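Nothing here was measured: the structure is a model prediction, and the numbers come from that model. Lettering of chains follows the sequences in order, A, B, ..., and the numbering in each one begins at 1.
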There are 2 protein chains.
Amino acid sequence: MPSGPRRATLATVAASAGVSVATVSKVLNGRSDVSPATRSLVQSLLQEHDYVAPSPRREPPGLATVELQFDTDLNAYSTEIIQGAVAAGAEAGVGIVVSIRSGAARTTAWARGLVAAGRRALIAVTGELTSGQPAALARARLPLVLIDPLNLPRTRVTSIGSTNFAGGVAATQHLLSLGHRRIAYIGGPATAACNQARLHGYRAAMEAEGAPVLPGFVRSGHFRFHDGMVSGAAVLDLPHAPTAIFAGCDEVAVGVMEAARARGLRIPEELSIVGFDDTQIAQVTSPPLTTVRQPLREMGGVALRTALRLAAGERVDSHHVELATELVVRGSTAPVPRRA
Amino acid sequence: MPSGPRRATLATVAASAGVSVATVSKVLNGRSDVSPATRSLVQSLLQEHDYVAPSPRREPPGLATVELQFDTDLNAYSTEIIQGAVAAGAEAGVGIVVSIRSGAARTTAWARGLVAAGRRALIAVTGELTSGQPAALARARLPLVLIDPLNLPRTRVTSIGSTNFAGGVAATQHLLSLGHRRIAYIGGPATAACNQARLHGYRAAMEAEGAPVLPGFVRSGHFRFHDGMVSGAAVLDLPHAPTAIFAGCDEVAVGVMEAARARGLRIPEELSIVGFDDTQIAQVTSPPLTTVRQPLREMGGVALRTALRLAAGERVDSHHVELATELVVRGSTAPVPRRA
DNA sequence: CGGTCATGTCGAAAATGTTTCGATGAGCTG
DNA sequence: CAGCTCATCGAAACATTTTCGACATGACCG
């Protein structure tokens with residue numbers, strides 16, 4: 001059953017406008033040898049007939065792009081993801097279009113716009129997803145891959161993460177092995193999946209060692225420097241202040257460092273700090289930060305390759321992949337200080 | 001005078017391959033009803049005849065992209081540039097494709113590839129330019145905008161920078177006004193224009209104050225953390241060690257901090273440090289870094305808008321624009337210590 | 001005023017590329 | 001061998017763009 005009245009062609013429009021096919025073509029291509037009157041007449045008739053370009057011509061092979069969308073301003077974490085995606089994109093011959101999510105709702109129209117703009121897939125980084133969004137993307141046939149999603153909607157979505165739980169365990173065990181018992185955790189949004197996994201890793205390691213999680217020792221935030229400073233200050237001012245703090249990301253760790261510095265605490269002699277991510281920041285602090293490395297570049301690369309596989313219509317082995325984290329010991333951790 | 005032997009058409013290729021025009025078309029469009037043998041034969045003949053798709057058909061409006069190319073791995077500086085370009089791109093409705101320059105020569109073919117991939121312009125960040133590259137880009141009609149170029153070829157190229165000289169003066173004057181006289185400069189590549197401007201600003205301020213630039217007090221590098229650590233160590237180990245160091249960028253400043261820390265020097269009490277750029281790093285060090293702010297986001301935005309104007313065929317007012325730098329005083333600078 | 005020339009519009013026809021559909025032949029089956 | 005399937009290919013129909021000549025118009029000139 002062909003779709004009702006055939007799709008409009010130039011000939012259709014030309015006939016109804018009383019001009020030649022050539023003229024209609026010229027209007028479409030913005031040629032100059034068409035009088036303004038004729039042009040606007042043809043344009044309105046094009047609209048009326050819902051004219052759309054015919055075959056989506058063979059697209060130049062290099063034209064493929066993938067959108068890499070962030071939910072917030074770029075930071076050291078984003079930089080590594082971008083780097084990884086760009087490197088993998090260069091190999092695959094697709095361009096990485098970076099964007100920062102604006103307030104705009106992610107509607108079907110938005111998804112279609114991305115497709116029309118030549119995007120082959122969308123990679124959303126640390127995003128919050130409403131349940132309708134995967135549906136909108138599916139309608140537009142735009143594959144979606146998530147990196148470190150804040151939440152996972154019911155529908156099955158492909159996502160890339162790292163072994164946050166294991167990382168939380170490793171960080172905490174490292175501190176425990178140095179003799180620390182009063183260890184606080186300062187993390188990100190309480191609802192974020194990756195934050196929960198790190199927190200549970202911390203709790204699991206503490207519990208295994210029989211170390212109590214003291215009241216006020218677990219704090220949420222937004223993974224930002226400022227959160228680290230504020231929460232760090234709050235924790236350090238407790239009567240039973242911790243001797244070590246496990247921060248949910250490097251930026252928070254640096255904020256904690258600043259809070260410690262403001263209180264005259266020496267790091268690592270009087271306070272040990274472990275971060276998470278191993279961004280470029282970690283190598284640049286004083287002292288250099290002990291942290292749990294997330295393979296962010298690899299995650300960006302894997303996300304891209306997964307997105308391309310989805311775009312090519314292939315199945316992916318698993319709808320969620322976790323890359324391994326690894327504890328990197330630098331200078332911000334030391335054995336627990338002797339009681340004065 | 002038409003360009004010699006007419007451009008190859010499907011008919012040309014079909015004739016030389018001994019197949020029909022239809023078959024060649026199918027190969028081009030990746031249709032399945034072509035035998036592998038025929039396909040590869042046609043493909044090689046397409047190559048041989050330099051077949052290119054004819055008219056760059058009327059292009060879907062949303063497809064526009066601009067390439068933002070970096071010469072090195074992404075860092076905090078890149079992040080700000082990207083952020084600025086992406087924000088401006090979102091406003092203008094063009095996508096920003098980030099890429100990292102590979103070893104590949106920037107030939108005419110490369111430039112044409114970018115055009116074929118839908119790029120409207122190229123923004124090259126802190127790149128080194130050979131004289132042939134602007135020519136290759138011009139032949140492909142791809143507008144080029146430079147941000148902080150390392151060198152400027154003879155041909156007139158549009159570029160965006162900041163007032164590096166004024167910034168160098170401001171940083172140095174700030175240190176001088178705190179009573180410092182033994183001030184060292186640790187910068188980037190000796191040939192880089194932005195580095196030279198900062199260095200000359202430093203020299204000018206020193207000279208104006210009658211402060212001598214002591215031997216060994218000016219050092220080059222690659223604007224990296226490691227350079228700061230090495231050159232910082234070298235300068236601090238001089239018999240006439242400086243009381244203040246002006247670093248050519250924040251990352252170098254952090255390296256210098258690390259070198260100072262390794263020598264037990266307290267910052268800012270025993271050593272003042274000024275950085276350059278005001279990337280996110282500067283707010284995150286201990287103590288927070290006094291630095292010369294470059295409006296990197298604005299530079300990214302201006303570069304994008306300039307690139308789009310060039311792509312639209314408009315003239316730009318000036319082929320070089322410099323945005324204002326601004327000294328941001330934080331915690332890494334203090335009055336010169338009294339002689340012990 | 002009539003002739004000439006430049007200019008703006010337009011369409012017929014040619015050029016180019018894509019799609020449909022039937023022809024052909026190889027290989028397999030019964 | 002008849003009959004069937006399947007892959008491959010091209011002729012022809014289509015869709016669109018481009019070229020080029022036709023025509024009208026108006027300016028300019030002698």
Flag the pair B/D73 and A/R297 as a salt bridge only when some basic side-chain nitrogen lies within less than 4.0 angstrom of an acidic carboxylate oxygen. yes

Any donor-acceptor N/O pair, [X] side chain to [Y] backbone, under 3.5 Å:
X      : Y      : answer
A/N75  : A/Y77  : yes
A/R305 : A/G89  : no
A/Q294 : A/T279 : no

Side chain of [X] - closest among [options]:
X     : options               : answer
B/L10 : D/dT8, C/dT9, C/dG17  : C/dG17
A/V34 : C/dT9, C/dC10, D/dA11 : C/dC10
A/P36 : C/dT16, D/dT17, C/dT9 : C/dT9
B/N29 : D/dT8, D/dA15, C/dT18 : C/dT18

Between the base of C/dG17 and the side chain of B/K26, is one N or O donor paired with an acceptor at under 3.5 angstrom? no

State whether [X] places a side-chain N or O below 4.0 Å from either non-bridging phosphate oxygen (OP1 or OP2) of [N].
X     : N      : value
A/S35 : C/dT9  : no
A/R31 : D/dT18 : yes
B/S20 : D/dA11 : no
B/T38 : D/dC9  : yes
A/Y51 : D/dA15 : no

So what does B/V24 touch, heavy atoms closer than 4.0 Å: a base, only the sugar-phosphate, or nothing? nothing

Measure all distances between protein nitrogen or oxygen atoms and nitrogen or oxygen atoms of nucleotides 22-24 of chain D, and list the pairs falling under 3.5 Å.
none

May I have the distance from [X] (atom [atom1]) to [N] (atom [atom2]), rounded to whole angstrom?
X     : N     : atom1 : atom2 : value
B/L41 : D/dC9 : CG    : C1'   : 14 Å
A/D33 : C/dT9 : CG    : C1'   : 7 Å
A/R39 : C/dT9 : CZ    : P     : 9 Å

Nearest-nucleotide 5' precedence on DNA chain C, A/A22 against A/S32: A/S32

Test item: B/V94 and B/L304 side chains (from C-beta on) under 4.5 Å apart, heavy atoms: yes

Under a 4.5 Å cut-off applied to non-hydrogen side-chain atoms, are B/T23 and B/T38 in contact? yes

Can you name the closest pair of heavy atoms from B/S16 and B/H49 and give their distance? OG-CE1, 3.2 Å

